[in-house]
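Here's the structure we're looking at; comments come further down.
By convention in this document, chain letters (A, B, ...) are assigned in the order of the sequence lines, proteins followed by strands, and residues within each chain are numbered from 1.
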Amino acid sequence: MNNKEIASIFYRIGDALEIKGENVFKIRAYRRAARNIMDLPREVSALFQQDPSRINSIPGVGRDLKEKIVEMLSSGRLAYFESLMKEFPPGFFDMLKLSGLGPKRLKKFKEKLNIKNIDDLEKACRQHSLSKLEGEGERAEAKLSAAIEYYKKGVGRFLLQDAEYIAEKTVAYLKKSSVFKKIEIAGSLRRGKETVGDIDILAEVRDKSKAMDYFAAMPLAEKIIAKGAVKSSILVKGGAQLDLRVASAGSFGAALMYFTGSKAHNIKLRRIAKLKKRKVNEYGIFSVSAGGKEKKLAGKTEKDVYQKLGMPWIPPELREDNGEIEAALAGRLPENLLTEKDILGDLHLHTRETDGNVSVKDIVKEAKRRGYKYIAITNHSKYVRIARGMDEKRLLAHVADIRKISADISGIKVFAGIEVDILEDGRLDLEDYALKELDIVIAAVHSHFSLDEKKQTERMIKALNNKYVNVLAHPSGRLITTRTPISLDFEKIFLLCAKNNVFLEVNTHGERIDLNDLHCRMAKNLGAKFVINTDAHDIAQLDAMKYGVITARRAWLEKKDVLNTYAAGKLIKALCRGE
DNA sequence: GCCGTTTTCGGCCCGACTGTTTTCAGTCG
């Protein structure tokens with residue numbers, strides 16, 4: 001059983017217990033454990049094989065949940081879960097995904113109307129039998145109908161870049177009105193998560209009710225979910241949910257923290273505040289006297305609030321309750337967290353010679369315009385037929401062209417490279433005599449994604465032991481919406497990369513983000529180094545560098561961890577693997 | 001069910017919006 005399967009069972013137990021009306025803290029415990037398991041870069045099963053007691057090191061997993069995990073890993077089943085599920089019809093829990101419908105009402109529907117699944121619920125709405133129940137009414141029924149409709153359309157999470165696009169359009173719209181004084185994007189978009197559920201925007205305004213009216217009247221808006229004095233939510237065309245919250249200048253920092261999250265980060269901060277006889281909410285940080293009297297201590301900026309909690313400002317990308325609060329309290333946050341301006345070049349680019357849409361000359365010019373000090377042209381090797389990948393002969397001619405272009409242009413260095421395929425057996429797709437002529441060799445898997453972990457790991461090890469390989473491109477091979485990561489002993493591979501001086505790529509393509517933040521952080525802790533590449537096939541795709549930087553920041557990477565922050569001379573030395 | 005710079009027991013973040021109600025429960029983030 002993998003982490004996702006274990007976590008989803010715990011989530012489902014949480015749902016079932018909630019409907020049964022169990023202790024809310026018990027429910028919360030299951031969900032917290034599930035979330036923490038999802039956030040682990042390692043498989044719990046691997047942890048278990050090494051040393052079963054390591055399961056206790058997962059936060060939120062105590063004696064009881066450990067036993068349940070052990071049962072799942074050793075038998076592939078969980079008796080407690082199976083007996084619990086017997087109490088509910090199949091498809092029952094899908095209804096919890098409907099916006100505005102929670103466990104209490106769901107329980108009521110089941111008991112009073114024998115509703116078993118979404119189809120039953122839809123029927124009940126149509127027949128208006130729902131609105132006759134106590135505590136329900138016509139508006140509630142209509143809302144539920146709409147929620148079912150949206151659910152069926154498949155409203156889900158968006159890729160970071162798509163969410164950013166919608167957010168930017170919204171901000172541009174809001175800025176056209178003089179009611180808005182200050183606008184900030186918050187939520188998981190500000191934290192740079194690879195997918196974003198809803199888009200949170202915080203604003204300081206001159207007139208709250210006018211601001212809310214203007215927001216709700218947005219041309220993109222399809223449906224208003226909620227509209228209050230300080231908070232509104234709308235659904236926009238395409239299915240994304242936008243939340244607008246307004247805050248006064250004196251509370252703006254506290255509101256930004258609240259609205260940026262993560263939820264787990266906020267909860268921990270509030271708990272720390274409570275221990276110190278303080279209270280944190282979206283209006284500020286307050287001291288609380290014995291008599292319950294509150295006095296505001298700060299709220300204007302995030303920095304002020306963190307300071308009153310006894311810690312420095314924490315960058316949004318780190319706010320996941322993954323050790324950043326403890327690090328901040330101990331003064332051990334990363335000192336030089338990577339920034340976009342640290343990036344001096346892009347080392348994975350395709351051109352017309354294979355499947356790119358741009359000439360070498362044009363992409364060099366554009367890179368120079370962007371202020372890059374160097375780039376590498378890395379086209380495909382012959383195995384990738386569909387991309388018209390190059391054999392040794394074409395490659396060497398291509399290298400000669402690149403050398404000439406590099407010599408003809410000043411102010412930017414153009415490295416000649418390749419993205420060479422790793423074949424099924426771990427050999428590379430090109431002979432060493434050709435690879436030897438290159439400045440940089442990127443190795444990548446583009447086929448045989450479904451090998452089992454042992455074979456896939458052996459394949460990778462063989463490739464990484466080729467002395468000409470400098471970079472492992474998009475190591476997990478996943479595509480966020482369509483392809484799961486390959487099965488790989490990531491720990492072993494990261495250690496080998498560290499040992500062999502092979503840089504791990506953070507591929508910034510919106511569908512990839514590969515390595516992801518969690519693997520990246522794990523690899524850093526194992527001593528590996530990184531390179532952030534767009535894998536651009538045209539000019540516009542060069543813009544994606546920012547998603548790699550934000551992912552690196554989420555992984556706590558610093559400037560020194562990243563190859564393409566080095567000056568050209570240092571970079572060439574760093575690529576040297578020695579004979 | 002978890003957890004400990006007060007605690008191995010008694011806590012567990014905090015507030016906004018909605019709809020159906022006249023004071024609040026349910027839901028959400």
Inset, instruction - Please determine if a side-chain N or O atom of Arg28(A) lies less than 4.0 Å away from the OP1 or OP2 oxygen of dC13(B). - result: yes
Inset, instruction - Tell me what Ile13(A) touches on the nucleic acid: a base, only sugar-phosphate, or nothing, going by heavy atoms under 4.0 Å. - result: nothing
Inset, instruction - Write down the distance between NZ (Lys132(A)) and P (dT20(B)), rounded to a whole number of angstrom. - result: 14 Å
Inset, instruction - Answer yes or no: does a side-chain N or O of Arg139(A) lie under 4.0 Å from OP1 or OP2 of dT20(B)? - result: yes
Legend entry - Spacing between Asp243(A) atom CG and dA16(B) atom P, to the nearest angstrom: 15 Å
Inset, instruction - Check whether any side-chain N or O of Lys231(A) sits under 4.0 Å from OP1 or OP2 of dA16(B), and answer yes or no. - result: no
Legend entry - Spacing of Met95(A) atom CE and Ile148(A) atom CD1 [to the nearest 0.5 Å]: 9.0 Å
Legend entry - Which residue lies more 5' along DNA chain B, comparing Ser232(A) with Lys66(A) via nearest heavy atoms: Lys66(A)
Inset, instruction - Quote, to the nearest angstrom, the P distance that separates dC13(B) from dC3(B). - result: 14 Å
Legend entry - Closest-nucleotide ordering on DNA chain B, the 5'-leading residue of Gly102(A) and Glu136(A): Glu136(A)
Legend entry - Touch class at under 4.0 angstrom, heavy-atom based, for Lys263(A) against every strand present: base
Inset, instruction - Determine the contact category for Asn23(A): base if any of its heavy atoms lies under 4.0 Å from a base atom, sugar-phosphate if only primed atoms, P, OP1 or OP2 are that close, otherwise nothing. - result: base
Legend entry - Under 3.5 Å side-chain donor-acceptor pair for Ser53(A) and Asn56(A): no
Legend entry - Length of the CD-P vector between Glu134(A) and dT20(B), whole Å: 13 Å
Inset, instruction - State whether Lys237(A) and Glu222(A) are salt-bridged, where the test is any N-O pair (Lys NZ or Arg NE/NH1/NH2 against Asp/Glu carboxylate O) under 4.0 Å. - result: no
Inset, instruction - Assign Arg105(A) to base, sugar-phosphate, or nothing according to its heavy-atom contacts below 4.0 angstrom with the strands shown. - result: sugar-phosphate
Legend entry - Lys274(A) vs dC14(B): side-chain N/O to OP1/OP2 distance below 4.0 Å: yes
Inset, instruction - Would you mind classifying the nucleic acid contact of Val280(A) as base, sugar-phosphate or nothing, using non-hydrogen atoms under 4.0 angstrom? - result: sugar-phosphate
Legend entry - N-O pairing of Arg553(A) and Asp517(A) below 4.0 Å: no
Legend entry - Flag for Ser251(A)-Glu282(A): side-chain donor and acceptor within less than 3.5 Å: no
Inset, instruction - Select base, sugar-phosphate, or nothing to describe what Glu138(A) touches, counting heavy atoms under 4.0 Å on all strands. - result: sugar-phosphate
Inset, instruction - Scan Ala273(A) against the nucleic acid and name what it touches under 4.0 Å (heavy atoms): base, sugar-phosphate only, or nothing. - result: nothing
Inset, instruction - With heavy atoms under 4.0 Å as the rule, sort Tyr283(A) into base, sugar-phosphate or nothing. - result: sugar-phosphate
Inset, instruction - Could you tell me the separation between the CG atom of Leu101(A) and the C1' atom of dT18(B), rounded to a whole number of Å? - result: 14 Å
Legend entry - P spacing across the pair dG26(B) / dT20(B), given as an integer number of angstrom: 15 Å
Inset, instruction - Ignoring the backbone of Ala140(A), work out which of dC2(B), dT18(B), dT20(B) is nearest its side chain. - result: dT20(B)
Inset, instruction - For nucleotides dT7(B) and dG11(B), find the distance between their P atoms and express it as a whole number of Å. - result: 14 Å
Inset, instruction - Report the base-pairing partner of dG15(B) (Watson-Crick or G-U wobble, both distances below 3.5 angstrom), or none. - result: dC28(B)
Legend entry - Where Glu43(A) and Met1(A) come nearest, the two heavy atoms and their spacing: OE1-O, 4.5 Å
Inset, instruction - Could you check how far CD1 of Ile272(A) sits from P of dT5(B), rounded to whole Å? - result: 11 Å
Inset, instruction - For nucleotides dG10(B) and dA16(B), find the distance between their P atoms and express it as a whole number of Å. - result: 32 Å
Legend entry - Ile58(A) CD1 to dG1(B) C1', straight-line distance once rounded to whole Å: 15 Å
Legend entry - Atom C1', compared across dT18(B) and dT23(B): separation rounded to whole Å: 15 Å
Legend entry - Same-atom distance (P) from dC2(B) to dT6(B), integer angstrom: 23 Å
Inset, instruction - Give a yes/no answer on whether the side chain of Lys279(A) brings an N or O atom under 4.0 Å of OP1 or OP2 in dG15(B). - result: yes
Inset, instruction - Indicate yes or no: does Glu558(A) engage Lys524(A) in a salt bridge with an N to O separation below 4.0 Å. - result: yes
Inset, instruction - Examine dC13(B): is either OP1 or OP2 under 4.0 Å from a nitrogen or oxygen in the side chain of Asn266(A)? Give yes or no. - result: no
Legend entry - Spacing between Asp15(A) atom CG and dT27(B) atom P, to the nearest angstrom: 12 Å
Inset, instruction - Give one of base, sugar-phosphate or nothing for Ser99(A), where a contact means two heavy atoms less than 4.0 Å apart. - result: sugar-phosphate
